Every structure is written in C-alpha cells, then in structure tokens.
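Contents: one structure, followed by commentary.
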Protein chains: 2
Amino acid sequence: MIDSLSATQLDTPNGRYGPAGAPADNAVMSMADFHSWFNARTRANSFQVDRIPFAELSGWNFDPDTGNLVHGSGRFFSIEGLRVRTGRPWVSEWGQPIIVQPEIGVLGILVKRFDGVLHCLMQAKMEPGNINGLQISPTVQATRSNYMQVHGGAGTKYLEYFRADTRGRVLFDGLQSEQGSWFLHKRNRNIVVETEDDVPLDEDFCWLTLGQIHRLLLLDHMVNMDSRTVLSCIPSALTDSREQDTGDDSFTHAVRCSLSGDGRAVHDSGRILSWLTEVRARRELVQRRVPLKHLTEDGWRLGPDVIDHRDGKYFDVIAVAVQASNREVTAWTQPLVAPKQPGLLALLVKRIDGTLHALVQARSDAGMLNIAELTATVHCQPDNYADVPAEHRPPYLDYALAAPAYRVRLDVLHSEEGGRFHHAQNRYLVIEVEDDIADPDDRFLWTTLHQLTSLLPHSNYLTVELRSLMASMRSLTQRL
Amino acid sequence: MIDSLSATQLDTPNGRYGPAGAPADNAVMSMADFHSWFNARTRANSFQVDRIPFAELSGWNFDPDTGNLVHGSGRFFSIEGLRVRTGRPWVSEWGQPIIVQPEIGVLGILVKRFDGVLHCLMQAKMEPGNINGLQISPTVQATRSNYMQVHGGAGTKYLEYFRADTRGRVLFDGLQSEQGSWFLHKRNRNIVVETEDDVPLDEDFCWLTLGQIHRLLLLDHMVNMDSRTVLSCIPSALTDSREQDTGDDSFTHAVRCSLSGDGRAVHDSGRILSWLTEVRARRELVQRRVPLKHLTEDGWRLGPDVIDHRDGKYFDVIAVAVQASNREVTAWTQPLVAPKQPGLLALLVKRIDGTLHALVQARSDAGMLNIAELTATVHCQPDNYADVPAEHRPPYLDYALAAPAYRVRLDVLHSEEGGRFHHAQNRYLVIEVEDDIADPDDRFLWTTLHQLTSLLPHSNYLTVELRSLMASMRSLTQRL
C-alpha cells in the first residue's frame with residue numbers, strides 16, 4: 001500500500017513526519033508520532049462513566065403500558081421486547097430485550113491522497129461503554145438527525161464532506177447491518193469519501209495510512225467497531241497491493257491471492273448466492289415485537305438497577321451517567337447493553353490450491369433483517385453453551401478453543417460499539433486448518449476473501465463481526 | 001435467441017413442431033400450436049369463483065383479540081393491520097390492512113435445451129383472482145411447506161427439480177420482493193434450473209422458447225406475475241443475443257445496447273448504489289403492526305362481506321369460494337385483496353448516445369423490507385390521486401396519461417398474483433421521451449437496463465412491477 005517516498009516527497013501539507021524507516025511509517029505521521037499523539041489525547045480528555053439506577057436516568061423512562069425503556073423525545077433508541085421462533089433443535093423459541101433504533105446513522109471515513117498515498121482521517125473518540133476510554137473512530141459517526149440538519153451547526157465535525165451536495169468522490173456507500181443479537185434490524189450507512197480539499201485538522205483527529213491502520217488493528221481495543229466496518233468496505237483495489245508480493249511466505253501469498261480475486265475459488269459466486277438463498281428460504285426466523293414487561297415470562301428480571309436473565313447468561317441492560325470533556329454534549333445518562341461474557345469469533349481458513357479460503361456460516365440472529373447473514377465459522381458467547389449437550393454446541397467451537405498456537409494466525413480483542421454496549425468485547429481469531437476438521441454441514445461454505453468483499457456493496461450479507469475480521473485479514477498482509 | 005433450425009434438428013424428443021416459418025416458431029411447439037393447446041386447456045379445466053361473506057370462510061376466522069383474519073392452522077397467510085409513518089408531505093401517516101406471509105415460497109422455471117435452444121417448462125394455471133382463469137405460470141409455484149416435504153408427495157409437479165439434492169444447473173437463485181403496498185416484507189425465491197433429463201410432459205405444461213414467451217408478454221393477461229418475475233431474473237447472456245442485431249431500427253438497437261451492457265451509461269453503478277443508499281438513509285419508513293380492528297380509527301370499515309375504506313379508494317378485502325378442476329385441492333375458500341382500480345406502471349425511457357436509459361424512481365411502499373426499491377417512473381393507482389393537489393400528484397403521472405401514441409413503445413395489461421389479489425391489473429407502459437419532460441428530482445435516476453438487471457441477484461432492489469417491465473423490455477427486441 002505504501003509507496004517508498006523520497007525526501008522531497010515527504011514535504012506534504014501536514015508537516016508531521018516520522019523517520020523514513022519502515023515503509024508503513026513513510027506517511028504524514030509516523031507510528032511513533034501516532035502513539036504519542038494518542039496518549040496525549042487520552043491524557044487531555046477526561047471522562048467518567050458511573051452505573052446508576054434506571055430511576056436516575058434523565059429523559060428516559062419505562063413506558064407505563066409496555067414497560068419499554070424509551071427516551072421522552074421519541075429519538076435515540078429504545079429497549080423493547082422481541083419474541084423469536086426458529087426451527088433450531090436447541091432453544092427454538094425465546095424472548096429477549098432488543099435495542100430498537102430505526103434511524104440510519106452515518107459512519108464515514110474521509111480519505112485524501114498525500115503524495116499519492118491514501119490517508120484516512122481518523123478520530124480519537126470516547127464512548128461510554130468503551131473498556132478503555134478512547135479508541136480510533138471514523139471521521140464521523142452521525143445520527144440521522146445530525147445528518148439531516150441542513151446547516152450542520154457545531155454538532156459533528158467534518159460532516160459536510162458526507163452531504164450529497166458537498167461530498168467529494170464516493171469510494172463506497174452502502175448500508176451495513178450491526179449486531180443481530182442485540183439490535184432489531186439495525187443498519188448504518190458506511191461511506192468513504194475522497195477529497196482533494198485542504199482539510200483543517202482538529203486536535204482530536206489524525207491522518208493515517210491504511211497500512212498504519214491495519215497495524216493498529218492488531219492491537220487490542222484500539223480501533224473501534226465503527227472504524228472496522230467502514231474499513232472493511234474500502235474497495236480491495238485501494239487496500240490490497242500486489243506489488244508488495246515479494247519475499248512473502250506462502251500464507252501471506254495465499255491471503256493476497258484470496259483478497260485480490262486472482263486466486264481460484266472452489267465455488268463460483270452463483271453457487272454462494274444460491275446456497276445462501278436456500279438457507280434463507282428454508283430457515284425459519286419469525287420475529288414479533290412484544291412489550292418489554294412481557295419478558296418476565298421468558299426469565300428476564302426487570303430490576304431497579306438492571307434487567308437480567310435468571311440463568312445468569314446472555315446480557316444485562318444497565319444505566320450509566322457519563323461525563324466527558326471531548327464530546328458535543330459533556331454530560332448525559334443512557335442505558336447500555338452489557339454482555340455477560342466476551343464473545344468468540346473464530347474464522348477457520350485453509351489454503352486450497354494456493355488461495356486462502358474461509359469457512360463462513362450462514363447465521364440467523366434474533367434481530368436480523370434478512371433471515372441469515374454470513375459470519376465467522378464460530379460466532380457465539382462460549383459461556384452460554386457451558387451446559388449445552390455436545391451435539392448442540394456450535395460446530396468447531398471446541399476446536400477453536402483448543403487450537404494450538406502454531407495454527408493461530410490472528411488473535412486480538414476488539415470492542416463492540418461503545419455507544420450502545422458496555423464493555424462488549426469479542427476475541428477475533430483466525431485459525432489455519434488443514435484436513436484436520438470435521439466436514440462442514442450445509443450451514444457452512446468455503447469462500448475466498450474476495451468473494452466476501454464483493455458482496456459488501458449490497459446490504460445484509462456479512463455480519464459486523466465478519467466485517468471486523470475482513471478488515472483484520474488485511475493486517476495479515478502488512479509488513480511489520 | 002432462436003437459432004435457425006434445420007429439418008433434422010427439428011427431430012426433438014417432444015415431437016410437436018410448428019411450421020419452420022418465422023424464427024421464433026422454430027421451437028418444440030409453434031405459436032399456433034401453443035394457442036390451440038392453451039385454448040384446449042381452458043376448455044378442459046372448469047373453475048368457478050364466487051364472492052361469499054367472511055362468515056362462510058372455512059378454516060379462516062377473525063381472531064377475537066386482534067380482529068386479524070387468520071387461518072386456523074396458523075399457515076398460509078393472515079390479514080392484519082399496519083401503521084406507517086413516513087416523511088412524505090402528502091398523507092405522511094396512515095393505517096391499512098396488510099397481508100402477512102412470513103414463509104418464503106418457491107417460484108421456479110425449469111429450462112432445457114432442445115437442439116441447443118433454451119426452452120422453459122411453463123404451465124397453464126388457474127388462480128382464483130385471475131381476471132380470465134388460466135394464465136401462463138412458472139413450472140412450480142410452491143409454498144415453503146410443499147418445498148420442505150422430503151418425499152414430495154402428489155402435491156406439486158416437477159418440484160423435485162428444484163430441491164437442493166436433485167436439481168440441475170442453477171442459472172438464477174435469489175429472493176425477490178412482492179407488492180409492498182399489499183404485503184408485509186413478502187418475498188419469494190425465484191429460481192431457474194437447467195436440466196438435461198428427459199422430462200415427462202404433463203398435459204397442463206408446455207415447452208416454450210424465451211422468444212415465444214417474450215411474444216406472449218405482449219398479450220394482455222396471458223403471462224402471470226410469477227412467470228414475469230422469474231423471467232426477469234434469467235441472466236441477460238441467455239436472453240439477449242447480439243447476433244440478432246441486424247436490420248433493426250435504432251430504438252431496438254438502443255434497447256439491445258442497454259440490455260447487453262455494451263452501451264455507455266450516464267451514471268456508473270457505484271453512483272446508482274450511492275444514490276439509493278442516500279434515499280434509504282434519509283427517508284423515513286417506520287412500520288408498526290397493529291390489530292386489524294384498530295384500523296377503524298384510520299377509516300377502514302370491517303363489514304360482514306368486505307373490509308373497505310370509507311373514501312372508496314385503495315383496496316377491499318373480500319372472501320371467495322373456489323371450485324377448480326386442475327388444482328391440487330379442487331374446492332376451497334380464501335380471502336383476497338381486491339384493488340379498487342387498475343394501477344399504472346409507466347417507464348419513461350430515452351435514447352442517450354444510442355443506449356436506452358430508463359428513468360427509475362426510488363419508491364417506498366408501506367410493507368417494504370428495505371425502505372425503498374427501484375420502480376417505474378410512474379407507479380400508482382391513478383384514481384387514488386383524483387382529488388390530490390397538483391403539487392402532490394406523482395411526478396410524470398399526467399405526462400404518462402396524456403402521452404401521444406407515437407411515443408408509446410409498449411402498452412399492455414398484466415394481472416398481479418391471482419392467489420392473493422382479485423382482478424388486480426396494472427397497465428404497463430413504456431414511453432419514449434426526448435427532452436420534453438421536466439427535470440427529474442433526486443427521487444429519480446437514469447439507468448441502463450443492464451444496470452438494473454445486474455442488481456437482480458441481490459434482493460429488494462427492483463419492485464415486482466419493475467421486474468415485470470424488465471421482462472417486457474426484452475419483448476421489444478423480438479422480431480414479430
């Protein structure tokens with residue numbers, strides 16, 4: 001991705017450079033400078049998040065008829081009840097709280113070439129549910145209401161670059177789904193816009209190359225979910241250079257062949273669509289919204305401080321009070337969904353004729369809009385299955401948990417959206433297998449990475465968790 | 001499409017041939033034979049459809065709590081209430097009855113090459129709502145329950161060719177939406193399978209070439225909706241031959257360039273997706289299911305014989321008793337939705353640099369799954385707008401109604417799904433414009449036909465009405 005820059009080429013408008021060392025550092029800002037800046041932003045911005053009882057929420061209340069947790073303005077989101085009927089053999093029907101947020105927000109990354117190298121304008125942003133305060137965020141995370149304001153106001157910095165009448169060249173623009181286990185039909189607009197303008201740099205923002213971001217994706221809790229989903233949508237032609245393909249070991253080569261589409265795929269794309277259509281046509285996923293207060297019949301306890309399940313599994317709904325110095329509003333209260341345990345997203349990959357193939361599953365979550373989406377081979381909260389009979393445990397879960405270190409190609413913890421989830425973290429694993437796994441059943445299919453990314457322009461194909469993994473797969477092709 | 005066949009090539013397994021006259025007749029069955037056969041099937045099959053009061057429905061009842069009209073088995077479909085909130089300036093919120101049918105059925109066409117020429121196995125089928133009894137239907141129209149039966153049973157002929165374990169080569173397989181004005185989130189699986197088997201020919205079925213079907217699409221109420229949607233999904237490479245492109249006038253040439261993708265498009269496909277994403281992100285479509293009995297607040301009258309709106313507009317819900325000789329079940333009762341007036345689907349097209357472009361709109365209907373889909377330039381029941389102020393009448397409606405004959409390239413009446421709708425007919429118009437129309441606003445975009453068909457492998461892009469028009473556009477390239 002990173003061209004080798006000469007001394008004169010380093011004379012870019014931004015004026016902050018690192019040493020001309022490793023290629024990925026030859027950018028507007030070196031990795032050393034990035035970390036110094038990020039640490040400084042962390043020290044400069046104070047924030048505090050405290051648990052509070054629901055009664056202390058300001059502007060939020062439980063609707064007297066339904067028990068739904070709603071905001072008085074009717075905006076933001078609500079916590080309601082959902083009953084789901086599926087054809088699964090183990091727990092085929094259940095009720096659960098669900099976040100209802102019909103408005104579509106904007107997640108946008110502004111990109112600009114400096115000396116021919118694409119840079120992304122990224123933000124150091126705090127979200128109340130973050131495990132560690134600041135994370136790297138997209139240029140903008142805006143609600144529909146922000147976006148619709150014609151005159152912008154002081155609300156969201158750089159939003160003007162993403163408006164229809166002012167935006168530059170659109171590199172990607174599509175709706176992408178978010179966590180189907182916790183959200184009802186939620187999607188955000190993922191958009192990447194290239195500008196040639198001189199962009200004034202706010203102190204909470206920095207320009208990073210894709211190579212630098214891919215290296216940051218290898219760090220725990222550094223790049224937030226909103227960044228990861230938008231990054232996964234950046235077209236391969238911009239992210240995956242074949243010119244770097246010298247001196248790589250054969251795994252890296254197989255990843256590149258798979259990302260570029262040059263490698264041979266075991267199934268053609270028509271077969272992949274037909275397989276997914278078959279799953280969507282045969283599988284049952286009947287969703288019915290119900291009042292939150294009805295969920296007591298399903299084992300949920302509606303307490304003054306927490307909504308939780310009597311089995312101690314799944315997630316809680318809690319309330320927090322937030323004080324932050326670098327947000328548009330500096331103090332507020334809000335509910336959050338707090339998963340009981342970390343999730344596991346394990347993608348089994350295999351070299352087939354020199355091209356990496358990923359074993360994806362067609363998964364149905366309670367709140368999905370389109371019955372099933374493609375996701376990682378293993379996608380669950382493992383502790384939820386502690387007492388489940390072996391034949392109903394997710395396929396490959398035990399394999400992934402016991403995978404030997406030499407098979408593990410990626411192992412990183414990422415946070416899920418800190419604006420809705422409290423300390424929601426998932427372990428993202430890429431495990432290279434050979435012929436040592438059980439044959440996949442018809443919920444699974446081997447695909448190349450290029451086949452997966454070519455579905456991204458259309459909505460509701462890849463879960464947000466698989467998109468996180470796709471962004472991380474590009475990290476595996478970076479020189480370190 | 002149709003190769004010229006020699007006398008020996010005419011020796012096909014089926015043994016029924018027409019005269020070797022016009023190319024499109026050089027098939028297994030001539031057009032003359034087709035019409036004789038179709039007329040004979042009409043005479044051979046008796047059917048009778050009578051209006052009945054709701055109380056005489058067998059197996060159906062109004063749920064005492066909700067007033068919803070449901071089947072006692074919980075299967076088939078139900079008529080429920082839907083409240084919709086939109087940001088439209090004229091009638092921004094309303095309630096209406098809606099058909100709820102969460103199961104995904106199969107609409108499949110089996111194809112086979114006879115002497116190298118693709119033929120479709122089509123059926124002469126009666127549906128209770130049909131204006132004229134028999135219409136040409138796909139090889140199978142099967143419910144999910146039919147499809148899921150492992151052993152098939154006597155139920156649906158030829159269904160075995162569409163099962164995962166027995167099907168031949170899949171040419172298309174995707175979920176497609178149906179009428180968003182009348183259905184909640186309804187989709188069917190559209191599938192085209194090619195076989196090389198000897199297929200026994202049932203008396204209600206015949207093999208037709210695509211060229212023959214495209215000629216039948218020029219006749220009123222001949223090819224049913226289920227056929228039209230599946231036909232629109234057949235890949236262009238199989239339907240649109242460039243070899244026929246000799247001696248055509250320039251309109252036909254512009255249609256072929258547009259269908260094949262050879263012509264130059266005014267917008268690239270990224271621009272089309274970004275425009276539609278913008279519409280979906282900005283536009284409001286909040287759907288809330290409500291008990292049918294609550295719709296009395298919205299002007300709906302729940303009578304013993306009919307559910308209708310006090311304004312005399314939109315549609316009625318009625319009940320019918322059916323007797324039919326060529327259906328799996330020979331007598332039954334069911335509700336139907338009966339539109340008050342025919343609809344108008346007018347597609348404005350224009351030659352731009354020799355390539356036909358269609359002016360599509362991004363339309364939101366009450367029951368749509370994905371906020372907005374692409375549809376014809378004009379898509380409405382005109383009588384619903386008789387009393388609406390000029391500024392809120394659908395753009396181009398008055399233009400389409402007044403279009404001079406020399407501009408009209410297609411004008412045909414087609415029926416909508418006769419299994420759910422009573423005498424639902426739409427007028428499908430293709431009108432060629434020059435620079436004599438008002439500039440389109442941001443609800444509209446000029447696209448080539450190839451750009452539209454390339455979206456069909458993914459769900460919820462084109463309305464069923466636009467897909468009907470797409471199937472018919474191919475008729476415009478046929479020699480007559």
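This is a predicted model, so every value here is computed, not measured.
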Chain A contact via B:Ile371 - which portion, at a heavy-atom distance below 4.5 Å: side chain
Inter-residue atom distance B:Arg283.CZ - A:Ile104.CD1, 0.5 Å rounding: 11.5 Å
Side chain, backbone, both or neither of B:Glu103 within contact of chain A (heavy atoms, under 4.5 Å): neither
B:Leu171, part contacting chain A, at a heavy-atom distance under 4.5 Å: neither
Rounded distance (nearest 0.5 Å) linking atom CZ of A:Arg169 with atom CZ of B:Arg271: 14.5 Å
pair A:His458-B:Leu455: side-chain heavy atoms closer than 4.5 Å: yes
Atom group of B:Arg167 that falls short of 4.5 Å from chain A, counting heavy atoms: side chain
Donor-acceptor contact present, side-chain A:Arg280 to main-chain B:Leu175, <3.5 Å: no
A:Ser274 side chain to B:Asp173 backbone, donor-acceptor under 3.5 Å: no
Part of B:Phe172 lying under 4.5 Å from any heavy atom of chain A: neither
Contacting moiety of B:Arg288, where chain A heavy atoms sit under 4.5 Å: side chain
Residue B:Asn370 versus chain A: region with a heavy atom under 4.5 Å: both
Minimal non-hydrogen separation, B:Pro457 against A:Leu273, with atom names: CB-CD1, 3.9 Å
Side chain A:Arg144, main chain B:Arg282, donor-acceptor under 3.5 Å: yes
